[in-house]
Amino acid sequence: MIFSKKLINWYSVNKRDLPWRNTTNPYHIWLSEIILQQTQVNQGLPFYDAFITNFPSVFDLAVAKESEVLKLWQGLGYYSRARNLHASAKYVANDLNGVFPNTYKDLLKLKGVGDYTASAIASFCFNEATPVVDGNVYRVLSRYYGIDTPINSSKGAKEFKDLAHELIDEKQPSAFNQAIMEFGAIQCKPKNPDCEVCVFQESCFAFRNNKIGELPVKIKSAKAKKKYFNFLVFIDESGNTILEQREGKGIWQNLFQFPLVESNSNLDTKGFETVIQSQDLLSGQDYSWRLYNKEPIVHKLSHQHLYTNFWIVNVKTLKGETIPVENIRDYAVPILIGNFIENFNF
DNA sequence: AAATCGGGGTT
DNA sequence: AACCCAGATTT
């Protein structure tokens, strides 16, 4: 039996029942695909439900404030997805009268929609035979065909995309694309794949040659750099604190945080005294401070390991823009801050 | 081509 | 600790 036929048969028996599989509404499919970028199904599911509930149509999303969208996205990570999602919703609602682009080529014009996502929407919603190549597809194809080109190289991207294009069932591209991803996600897993019950066992290169553990090949990325973050949690006698909105290019763009001082190493008491005395918003006032955490809280991101201290600083009055602590949960914050807020007794 | 952008889960 | 996830964008 040919590859696609066998795969789709496997899918019809083994597929999970997921909410975005019961619709071809491009708004819903688009939402699900953005949420699922570099995100496992179980992590994305509650966010998908929340977005459908809060923004039932692309118009509802378009008229929302970015702050609302970011708040709903809080905890999911890769926040440019939320900003691009919002910008694209405005584009579809305002420039396209709410009608979603219906071809791969036009879908690519949406911010945050790249090759994978355009292919997914075009095939799932509009039956266009555009192959999806996500992490699952790389793994399935590299093992089955014994391809050792690094999947995260330009050469690999083209090679696997071309192969997927040859394999796709032109008459049912949606089923083929979803099937190959689902097969990679729940059977041809990265570790301990279920080869003993695999319908491709006799014809799989990696299984026949005992190379399951060596495929796919991936170029290793650089190790994460250490950073030292000191958040200044100011509290005045009226129960106000200070949150600032992050700007610029780095992580957590447009999210809120306590005033941040980055240091070159973990600050001790003496080091913090130097920092706090340079805070001009204290301007001569009496203050007292304590370190919330005994050891730095290590927050691991893909490219940075953040060694974090929360310094609690009590003062009589705060100058500048303050917020009442009871409103602090209205702001979109990185989960590192969110966890602190949940655990700290303001 | 390489770096950046999160957070959670598995091994 | 290393690796992975329904990747996209910037450098």
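Every chain is numbered from 1, with letters handed out A, B, ... down the list of sequences.
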For residues [X] and [Y], report the shortest heavy-atom separation together with the two atoms involved.
X       : Y       : value
P216(A) : Y138(A) : CB-O, 4.3 Å
A62(A)  : A93(A)  : CB-CB, 3.5 Å
L110(A) : P101(A) : CD2-CG, 4.2 Å

Would you tell me whether E33(A) and T117(A) have side-chain atoms, one donor and one acceptor, within less than 3.5 Å of each other? no
So [X], base contact, sugar-phosphate only, or nothing? Heavy-atom distance under 4.0 Å.
X       : result
I34(A)  : nothing
S80(A)  : nothing
V41(A)  : sugar-phosphate
W20(A)  : base
Q304(A) : sugar-phosphate
G44(A)  : nothing
R21(A)  : base
T117(A) : sugar-phosphate

On a plain distance test, is the side chain of Q43(A) in donor-acceptor contact with the base of dG7(B) below 3.5 Å? yes
Less than 3.5 Å between a donor and an acceptor, one on the side chain of T39(A) and one on the base of dG6(B), is that the case here? yes
Please list, one pair per line, the donor and acceptor atoms closer than 3.5 Å that link side chains of residues 323-342 of chain A to other protein atoms, with sequence neighbours excluded.
residue	atom	partner	partner atom	Å
R329(A)	NE	E342(A)	OE2	3.1
N339(A)	ND2	I335(A)	O	3.3

Does any residue of residues 208-231 of chain A have a heavy atom under 4.0 Å from DNA chain C, and if so, which ones, in number order? K218(A), K220(A)
Integer angstrom distance from the [atom1] of [N] to that of [M]:
N       : M      : atom1 : value
dC5(B)  : dC5(C) : C1'   : 14 Å
dT10(C) : dG6(B) : P     : 14 Å
dT9(C)  : dG8(B) : C1'   : 23 Å
dG9(B)  : dA8(C) : C1'   : 22 Å

Can you hop from [X] to [Y] via hydrophobic side chains spaced under 4.5 Å?
X       : Y       : value
F256(A) : V261(A) : no
Y145(A) : F200(A) : yes
F231(A) : I297(A) : yes

For the pair made of [atom1] in [X] and [atom2] in [N], what is the distance, rounded to whole Å?
X       : N      : atom1 : atom2 : value
W73(A)  : dG8(B) : CH2   : C1'   : 15 Å
Q40(A)  : dG7(B) : CD    : C1'   : 11 Å
R81(A)  : dG8(B) : CZ    : P     : 12 Å
I251(A) : dT4(B) : CD1   : C1'   : 11 Å
L301(A) : dG8(B) : CG    : C1'   : 12 Å
Y78(A)  : dG6(B) : OH    : C1'   : 6 Å
N152(A) : dA3(B) : CG    : P     : 11 Å
W252(A) : dG7(B) : CH2   : C1'   : 11 Å

Close side-chain approach of R81(A) to L76(A), heavy-atom, < 4.5 Å: yes
H165(A) side chain reached by P131(A) side chain, heavy atoms, under 4.5 Å: yes
Just do the salt bridge (charged side-chain N to carboxylate O under 4.0 Å, His left out) check on R21(A) and E182(A) with the steps written out, would you? CA-CA 12 Å; R21(A) 289 197 171 141; E182(A) 186 77 337; 3.0 Å; yes
Contacts to DNA chain B from residues 156-191 of chain A, heavy-atom cutoff under 4.0 Å, which residues?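 Contacting residues: K191(A).
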Suppose clustering is done on Ile, Leu, Val, Met, Phe, Trp and Tyr with side-chain heavy atoms closer than 4.5 Å. Which residues sit in the same group as V217(A)? F205(A), L215(A)
Nearest-nucleotide comparison on DNA chain C, the residue closer to the 5′ end among R16(A) and G112(A):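 Taking each residue's closest nucleotide, the earlier one in sequence belongs to R16(A).
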Closest-nucleotide 5' rank along DNA chain C - winner of H305(A) and S302(A):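 Looking at the nearest nucleotide for each, H305(A) comes out on the 5' side.
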Carboxylate-amine/guanidinium contact R83(A) E66(A), below 4.0 Å: no
Between H299(A) and dG7(B), does any side-chain N or O lie under 4.0 Å from OP1 or OP2? yes
Where chain A begins and ends its contact with DNA chain C, read 5' to 3' at 4.0 Å from heavy atoms: dA1(C) to dT11(C)
Going by side chain to side chain donor-acceptor pair (under 3.5 Å), name the residues that satisfy it together with T241(A), two or more places apart in sequence or in a different chain. none
Both P334(A) and N192(A) contact DNA chain B. Which one's nearest nucleotide lies toward the 5' end? P334(A)
